Amino acid sequence: MTLFIFLLACGAAASTGIIFKPGDWYATLVKPSFTPPNWLFPVAWTIIYLLLAWAGYRLTLIPGSEIVLALWAAQIALNTLWTPVFFGAHRIFAGMVIITLLWLVVAAMVLLTVRLDLITGLILFPYLVWLSVAAALNFSILRNNR
């Protein structure tokens with residue numbers, strides 16, 4: 001049942017990508033050469049959301065994980081917020097602020113999780129890597145589309 005709750009939270013976050021699609025606005029933006037191909041975004045996010053739900057579930061089984069679980073809740077809220085702000089409202093700077101906060105929360109979550117359980121920390125690590133790419137992409141779009 002607990003795993004289902006984490007999957008539900010991740011599904012809610014993922015649904016913002018269905019509601020707020022990149023569309024024509026995003027296609028016209030100047031993007032950096034390291035921009036991943038469009039097909040990679042849904043594949044990467046699907047894998048990350050599944051890993052994130054699994055890690056959240058594993059954290060519930062680890063004594064002393066309350067702070068990390070609070071960070072998990074904070075990151076899923078920030079994650080859910082970024083897509084409508086960036087793709088829906090076309091607020092590139094606000095998106096940069098959100099993704100920076102998200103990266104900081106996820107980095108803290110990964111570091112604290114590794115101390116509690118190495119395997120769960122490693123399950124979360126791809127999320128931090130992908131967020132690093134996403135944040136760099138957001139920053140480059142901000143810089144090149146004033």
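A quick note: this is a predicted structure, and the numbers were derived from the prediction, not measured. Hydrogens, waters and symmetry mates are skipped; everything else that's a heavy atom, side chains included, is used.
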Checklist entry - Can L137 and I141 be said to form a side-chain contact (heavy atoms from CB on, under 4.5 Å), step by step? => result CA-CA 6 Å; L137 182 58; I141 289 171; 4.0 Å; yes

Checklist entry - Which residue, F20, F93, W25, forms the ring pair (Phe, Tyr, Trp, His ring centres under 6.0 Å) with F86? => result W25

Checklist entry - Counting distance only, does the side-chain N/O of N145 pair as donor-acceptor with the main-chain N or O of L29 below 3.5 Å? => result no

Next on the checklist: Whether the Y26 and N38 side chains hold a donor-acceptor pair (N or O, under 3.5 Å, no angle test) is what I'd like checked.
Outcome noted: no

Next on the checklist: Run the side-chain contact (heavy atoms from CB on, under 4.5 Å) test on I47 and V43 for me, step by step, so that the C-alpha distance in whole Å, both residues' side-chain angles and the decisive distance to 0.1 Å come before the verdict.
Outcome noted: CA-CA 6 Å; I47 293 166; V43 172; 4.1 Å; yes

Checklist entry - Within the distance-only criterion (no hydrogens, no angle test), does the side chain of T100 pair as donor or acceptor with the backbone N or O of M96 below 3.5 angstrom? => result yes

Item to check | Any P126 side-chain heavy atom under 4.5 Å of L51 side chain | outcome: yes

Next on the checklist: Tell me whether T60 contacts the main-chain N or O of Y57 through its side chain, where contact means a donor paired with an acceptor under 3.5 Å.
Outcome noted: yes

Checklist entry - Are L40 and W130 close enough, and set up right, to give a side-chain contact (heavy atoms from CB on, under 4.5 Å), and what steps lead you there? => result CA-CA 11 Å; L40 185 56; W130 185 250; 4.1 Å; yes

Item to check | Min side-chain heavy-atom separation C10-L50 under 4.5 Å | outcome: no

Next on the checklist: Any side-chain to backbone donor/acceptor pair from T35 onto K31? Under 3.5 Å, distance only.
Outcome noted: no

Next on the checklist: Could you check whether any side-chain heavy atom of F6 comes within less than 4.5 Å of a side-chain heavy atom of L52, counting everything from C-beta outward?
Outcome noted: no

Checklist entry - Run the ring pair (Phe, Tyr, Trp, His ring centres under 6.0 Å) check on Y127 and W103 step by step: do they pass? => result CA-CA 9 Å; Y127 182 29; W103 191 93; over 10 Å; no

Checklist entry - For W72 and V68, what are the C-alpha separation, side-chain angles and deciding distance, and is it a side-chain contact (heavy atoms from CB on, under 4.5 Å)? => result CA-CA 6 Å; W72 195 100; V68 180; 5.8 Å; no

Item to check | Any donor-acceptor N/O pair, W82 side chain to I99 backbone, under 3.5 Å | outcome: no

Next on the checklist: Using a 3.5 Å distance criterion without hydrogens, assess whether the side chain of T113 forms a donor-acceptor pair with backbone atoms of T120.
Outcome noted: no

Item to check | Flag, side chain of N79 to backbone of Q75, donor-acceptor distance under 3.5 Å | outcome: no

